[in-house]
Amino acid sequence: MYDLIVLGGGPAGYNAAEHAGKAGMKVLLFEKNSLGGVCLNEGCIPSKALLNSAKIYEYATHASAYGVKVEGASMDHPAIVARRGKVVKMLVNGVGAKMKGAGVTVVKENAVIKGRVPGGFAVTAAGQDYEGAKLLIATGSSAVVPPIPGVRENLGGFVITNKEVLELPEVPKNFAIIGGGVIGLEMAAYYVTAGSHVTVIEMLDHIAGPTDREISTMLQKEYAKKGVDFKLQHKVVAVEAGKVVCEAPDGSKVEVPADKVLLSIGRRANYQGIGLENLGVATERPGIVTDSQGRTNIDGVFAAGDVNGHHMLAHTAYREGEVAINTMMGKKDTMRYNANPSVIYTKPEVASVGMTEEEVKAAGIEYECAKLSMRYAGRFVAENEGGDGLCKILVDKKHRNVLGVHMIGGYASEIIWGAAQMIEMELTVHDIKEIIFPHPTVSEIIRETIWELKD
Ligand code: NAI
């Protein structure tokens, strides 16, 4: 009998398996596709490879602003897609090596929970049964496919999701994106730079969902400058050959031309068909119900990552997996979500952690807000000709601790962890003023912005 069976080899599953293996547990991990899950194979990593090529192209086409002459720059989409494959392959192999290093047994099969056995649980895969004292369910999530006429019939062809969009053989002339959230925006950024006419259709009156509104408004303006068309508050009523039919706020019909349609309206936890009913594991929309330690309602059965349906971010999944393993091993640990950063990796980057100004107001918290253009960081000016950006810090008026940090501008993704630490450690304005930031870095914008506030 294994000490632990992990279902799913994405960020939650593989990281937890490694953690457990290194701690001396005998671990078995099932993965039906490729190690690394959606993040590594069809999400975070390949999209960053594509976006980086778009950034390089943008730098090349704006090189004269930096005194550099570049002639004939162009994007070779098939070569970019091929490089993305190479990056993914290298990292998938890396995860395999990690599993080996931690002594984790990996079985590349679809596993289904069979039920209880003395001292644990049974799982079946490819006709063979396996037993584990504990279970960690980390089966991830899948793209939501709505029952809009024309969507399901054309799925994988004219209508694509996060997987196909990363490996399209050619750049569509007209590219319609349904959903102006993270996936939609990142792919809009790549394809508009690659030459598509991109239209983002979003049912809300703003893009980037829960992002601080001031920041998402700035992001939308930057995208509009690049040529992305936005149809906000538009309801998709049908997808037909060559077009997406929407309903505008005034009830009129709008047709968006499309050679390809990306569906990016959110994700749904994968908890069907894995045998949860054989144990009676409780689910509730949006996913498997867990406590702050990743425990389900069944003693010995844990869940981590997108399958719990909450934050659906790879870095959150890593941490949830670690908390679950620590709990299994009797170590005190708990999942906190108040310092959980999120990033949109476009140019400009958007990075946030903590509460948005809208959330702070809605919670009735008395707060102060300091805001500075990223141009207050010398390095930003040196490296961003004509660029602007914003750093916004919200603090509790009385206690002076940081409630939220929201940034738009280059390197924000690499800086935000520091802001997450400030929230996690409950640092006050005074504490942050005592931190020495390296000069010149864009991270100094945090220091500059914090100095706008009284201790
Ligand atoms: P999302 O939840 O970020 O955004 C979906 C958007 O679609 C929302 O703005 C929603 O209002 C809109 N929408 C929903 N139904 C619609 C309809 N019928 N018509 C028009 N608009 C509609 O979901 P997305 O972009 O699919 O991403 C899925 C998950 O992947 C997210 O949970 C995200 O956290 C994660 N992800 C994270 C990334 C990152 O951290 N950089 C990158 C990509 C994905």
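In each ligand, atom 1 is the first atom listed, and ligand 1 is the first ligand listed. We number each residue from 1, following the sequence as shown.
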Test: Lys243 and Glu240 ion pair at under 4.0 Å: yes

Under 4.0 Å between a side-chain nitrogen and a carboxylate oxygen: does that hold for Asp333 and Arg319? yes

Lys/Arg cation over aromatic Tyr59: Lys347, 6.0 Å, 45° cone: yes

Results of side-chain contact (heavy atoms from CB on, under 4.5 Å) for His77 - residues two or more places apart only: Val81, Leu168, Val171, Tyr190, Tyr191

Could you tell me which residues satisfy side-chain contact (heavy atoms from CB on, under 4.5 Å) with Glu452, sequence neighbours excluded, listed by chain and number? Ala370, Leu372

Distances only, to 0.1 Å: what are the N or O pairs between ligand 1 and the protein that fall under 3.5 Å?
from     : atom 1 : to     : atom 2 : distance (Å)
ligand 1 : 3 (O)  : Val182 : N      : 3.3
ligand 1 : 9 (O)  : Glu202 : OE1    : 2.6
ligand 1 : 9 (O)  : Glu202 : OE2    : 3.3
ligand 1 : 11 (O) : Glu202 : OE2    : 2.6
ligand 1 : 21 (N) : Met203 : N      : 3.3
ligand 1 : 23 (O) : Gly266 : N      : 3.3
ligand 1 : 25 (O) : Val182 : N      : 3.3
ligand 1 : 25 (O) : Ile183 : N      : 2.9
ligand 1 : 26 (O) : Ser264 : O      : 3.4
ligand 1 : 26 (O) : Gly266 : N      : 2.9
ligand 1 : 34 (O) : Met312 : O      : 3.3
ligand 1 : 40 (O) : Val343 : O      : 3.4
ligand 1 : 41 (N) : Glu186 : OE2    : 3.0
ligand 1 : 41 (N) : Val343 : O      : 2.7

Under 3.5 Å, which donor-acceptor pairs link side chains of residues 144-154 to any protein atom two or more places apart or in another chain?
from   : atom 1 : to     : atom 2 : distance (Å)
Arg152 : NE     : Val145 : O      : 3.4
Arg152 : NH2    : Val145 : O      : 2.6
Glu153 : OE1    : Gly150 : N      : 3.3
Glu153 : OE2    : Gly150 : N      : 3.2
Asn154 : ND2    : Gly150 : O      : 2.7

